[in-house]
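Below, each value reflects all heavy atoms present in this structure, side chains not excepted, and no hydrogens, waters or symmetry copies.
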Amino acid sequence: MLIHASRIFTHGENPFFAEQINAPFGLNLMANTSALGWAIPLAPVTILFGPWISFLIMLTAGLAGTAYAWYHVFSRYLVSNRAAAIIGGAFCGFAPGMISHAQGHPNIVSQFLVPFIVLRVIKLREDPERWRRNGLILAGLVIYQTFINEEVLFLTALIMVVFVALWAVQRRSEARALLVPTLKAAGLCLAVAGVVLAYPLYWQFFGTSAYHGLPLGVQGMGTDLLAVKSYSYESVLGGTHATASKLASSGSEENTFFGVPLLYVLLGVAVVLVRSAAGRALLITTVWFWWLSLGPYVLIGGEATEIKTPWYYIAELPLFNSVVPTRIGLALTPMIGVLLALAIDRFQPVRFRILWTSIVIAALLPIAPTPLDTSPPHVPPTPVFFTSGAWREVVPKDGVVLSTPPGWVPYLSAMSWQLDTNLDFDIVGGYYLAPTPGDPTRRANFGPAYPPTMRLIWYVGEGGVDALITDEHRRQAVKDFRDYKVTTLVLPVTQPRSDLVKNTVQQLLGPPRLIEDCWVWDVRQFVANGVPG
């Protein structure tokens, strides 16, 4: 994503679409969280120093910026106690859910605009006469957050709608007086944001490779009921990988690992804040979104139950069908941060506040973050064939490379090859969300479909079983390679079972060339003639 954003300026690329991945269909970047709000400003850094440095800046500034933004809003507008603002801001920026997402989702942890969106909604109550100003500022925040992460924006909007509705029920007369200016500000925000975002959102929902709904398996990824009393792997008192994997859908989705001490503190917070309408509304909103985060069915200790949650009934609604339910649990982090800050600020006299602050800090220390792992991912290093530039003599301009054998790790490897060559060639497959070609539902799938020839080669590489190739296989290969516009097959010599894979592909296409550390087949003549070249 970072390299593609830099190529907007160096190669005139479409900001919302990439041809280099998922050949020959391309990829809808707006439907794959393109994070242009980060990637475009960082384009000069990416061009000069590489995407790795941009990623580091994006991740570090995302976490620290979120913490500071909440601290700023707390200290200037919501609380009078500096310790309350520091604790609330630190929790919002460095809670276990944020640190777990920092392992691979820098756009999700970049929530530094969220506190200002919340603040602007609060301003609608404090200064209703300035609805134009509030609406325009809110529109600007919404537009920019769209290009950082839409999922965070969607969850923020849902939280504010539920919170305001719960508050309005308790303060009906005040809510009625604010209704007209609030609707005016909201209408102005929607109008301005709608005009600016019309084309990007058109691409997202109706453009090439647009999809409707996440894979069905993702819809079942809920938060385990017991996660709230457990510790994230990345916490000071972190659990083991086994514990985390049992209670979380993945290592980057430990969204509600708060630990028992913080749960007791939150009970105390509820006692302190339950007397105010805003406090009651926020407490109920927090519990409600925790319930939604459990997914369609409640999970207890990694075991599914038949207990349905509200998410079961709304999961397939438009927009909701593109939300990972366990990720709703991440929405609890800013709400708990606000609750902690408000509760500390409410304690009087000073000696009680100091005691309460000490208790809060003691409860947060066990979930304080540990340094993020900086070891490389489990993807083989890029072959010398690519790093030396030898590929340029073999892969034609606008060529399409098929990593051989196809499969999950080989497709990730092919993306790594692209990173080291500045995306100068296209690949079949990759890691992304896109509909399966020909599927009338257009529901998203992880990665590409596997036509018969790719499935055959994958079977050999994955299963380690040799295949007997017939003329029918060759005719099918002609069709599949032509449909996918493949020009070059690349098999690293270090690939597991490379001899078996090489033998199978050789029966299909003829003998390869050994260039540096890769076996390479030029597919163009085979596709043109229908016989081994």
Practice task
Test Tyr312 against every option in Trp291, Phe320, Tyr297 by the ring-ring contact (aromatic ring centres under 6.0 Å, His included) rule and name the one that passes.
Solution key: Tyr297
Exercise for the section: For Glu151 and Ile108, indicate whether the former's side chain and the latter's backbone hold a donor-acceptor pair under 3.5 Å. Expected result: no
Exercise for the section: Step through it carefully: locate the ring centre of Phe258, locate the ring centre of Tyr231, and say whether they are under 6.0 Å apart. Expected result: no
Practice task
Search all heavy atoms of Cys92 against all heavy atoms of Pro334 and return the closest pair with its distance.
Solution key: SG-CA, 3.7 Å
Exercise for the section: Establish, from distance only, whether the side-chain atoms of Thr33 and Asn149 form a donor-acceptor pair under 3.5 Å. Expected result: no
Practice task
Step through the shown structure and confirm whether more than 12 heavy atoms of other residues, nucleotides or ligands are within 6.0 Å of CD on Glu303.
Solution key: no
Fill in the blank from the handout: What one should report as the nearest heavy-atom pair of Val73 and Pro115 is CG2-CB, 3.8 Å
Handout entry: Under-4.0 Å salt bridge between Glu316 and Arg443
Key = yes
Exercise for the section: Could you tell me whether Tyr202 atom OH has more than 12 heavy atoms of other residues or ligands within 6.0 Å of it? Expected result: no
Fill in the blank from the handout: Scanning both residues in full, the closest heavy-atom pair of Pro448 with Gly430 reads CD-O, 3.9 Å
Exercise for the section: Say whether, by atom type as modelled, one donor and one acceptor occur between the side chain of Thr305 and the main chain of Val298 under 3.5 angstrom. Expected result: yes
Contacts table for residues 356-368: side-chain donor-acceptor under 3.5 angstrom, sequence neighbours left out:
| residue | atom | partner | partner atom | Å |
| --- | --- | --- | --- | --- |
| Thr357 | OG1 | Arg353 | O | 2.7 |
| Ser358 | OG | Ile354 | O | 2.9 |

Problem - Among Phe112, Phe55, Tyr144, ring-ring contact (aromatic ring centres under 6.0 Å, His included) partner for Trp38 - result: Phe112
Practice task
Look at atom OH of Tyr68 and say whether more than 12 heavy atoms of other residues, nucleotides or ligands are closer to it than 6.0 Å.
Solution key: no
Handout entry: Polar side-chain atom of Ser34 near backbone of Met30 as donor-acceptor pair, under 3.5 Å
Key = no
Exercise for the section: Give the minimum heavy-atom separation between Leu247 and Gly302, together with the two atoms involved. Expected result: CD2-N, 4.4 Å
Practice task
Return yes when atom OH of Tyr233 has more than 12 non-hydrogen atoms of other residues, nucleotides or ligands closer than 6.0 Å, and no otherwise.
Solution key: no
Exercise for the section: Give me the ring orientation class for Tyr199 and Trp203: parallel if the planes are under 30° apart, tilted from 30 to 60°, perpendicular past 60°. Expected result: perpendicular
Problem - Enclosure of Tyr77 OH (heavy-atom neighbours >12, cutoff 6.0 Å) - result: yes
Exercise for the section: Provide the closest heavy-atom pair for Ala67 versus Phe94 in the form atom of the first, atom of the second, distance. Expected result: CB-CE1, 3.5 Å
Practice task
Kindly indicate, with the supporting measurements, whether the criterion side-chain hydrogen bond (donor to acceptor under 3.5 Å, both in side chains) is fulfilled by Ser249 and Thr326.
Solution key: CA-CA 8 Å; Ser249 57; Thr326 183; 4.5 Å; no
Exercise for the section: Output yes when a side-chain donor or acceptor of Gln170 lies under 3.5 Å from a complementary backbone atom of Leu166, and no otherwise. Expected result: yes
Problem - Residue among Glu126, Arg171, Arg125 satisfying side-chain contact (heavy atoms from CB on, under 4.5 Å) with Leu178 - result: Arg125
Handout entry: Over all atoms of both residues, closest heavy-atom pair of Phe16 and Pro200
Key = CZ-CG, 3.7 Å
Handout entry: Exam field: side chain Arg7 to backbone Asn422, donor-acceptor pair closer than 3.5 Å
Key = yes
Problem - Residue among Val338, Leu339, Asp345 satisfying side-chain contact (heavy atoms from CB on, under 4.5 Å) with Leu342 - result: Val338
Practice task
Go through the side-chain N and O atoms of Glu13 and Gln20 and say whether any donor and acceptor fall under 3.5 Å apart.
Solution key: yes
Practice task
Measure centre to centre between the rings of Tyr411 and Tyr431, then say whether the value is under 6.0 Å.
Solution key: no
Problem - Verdict with reasoning, Asn255 to His101, per side-chain hydrogen bond (donor to acceptor under 3.5 Å, both in side chains) - result: CA-CA 8 Å; Asn255 299 307; His101 278 280; 2.7 Å; yes
Problem - Residues forming a ring pair (Phe, Tyr, Trp, His ring centres under 6.0 Å) with Trp290, sequence neighbours excluded - result: none
Problem - Any side-chain donor near an acceptor of the partner, Ser100 and Glu254, under 3.5 Å - result: no
Practice task
Kindly indicate, with the supporting measurements, whether the criterion side-chain contact (heavy atoms from CB on, under 4.5 Å) is fulfilled by Glu253 and His105.
Solution key: CA-CA 10 Å; Glu253 297 287 354; His105 302 148; 4.0 Å; yes
Exercise for the section: Output yes when a side-chain donor or acceptor of Asn107 lies under 3.5 Å from a complementary backbone atom of Ala35, and no otherwise. Expected result: no
Problem - Atom NZ of Lys123: over 12 foreign heavy atoms under 6.0 Å - result: yes
Exercise for the section: Assess the side chains of Ser54 and Thr46: does a donor N or O sit below 3.5 Å from an acceptor N or O? Expected result: yes
Exercise for the section: For the pair Asn32 (side chain) and Tyr432 (backbone), establish whether a donor and an acceptor sit closer than 3.5 Å, ignoring hydrogens and angles. Expected result: no
Practice task
Would you please say whether a donor-acceptor pair under 3.5 Å links the side chains of Arg82 and Tyr71?
Solution key: yes
Problem - Heavy-atom donor-acceptor pair, Ser252 side chain to Gln103 backbone, under 3.5 Å - result: no
Handout entry: Side-chain (Thr286) to main-chain (Met335) donor-acceptor, under 3.5 angstrom
Key = no
Practice task
Could you check Gln219 against Trp311 for side-chain contact (heavy atoms from CB on, under 4.5 Å), going step by step and ending with a plain yes or no?
Solution key: CA-CA 9 Å; Gln219 288 290 342; Trp311 186 257; 3.6 Å; yes
Exercise for the section: Ignoring hydrogens and angles, state whether a donor on the side chain of Gln111 or Gln145 is under 3.5 Å from an acceptor on the partner side chain. Expected result: no
Problem - Test item: Thr60 side-chain N/O and Ile57 main-chain N/O as donor-acceptor pair under 3.5 Å - result: no
Exercise for the section: Show the numbers, then the answer: is there a side-chain contact (heavy atoms from CB on, under 4.5 Å) between Ile314 and Leu292? Expected result: CA-CA 10 Å; Ile314 64 175; Leu292 287 178; 4.2 Å; yes
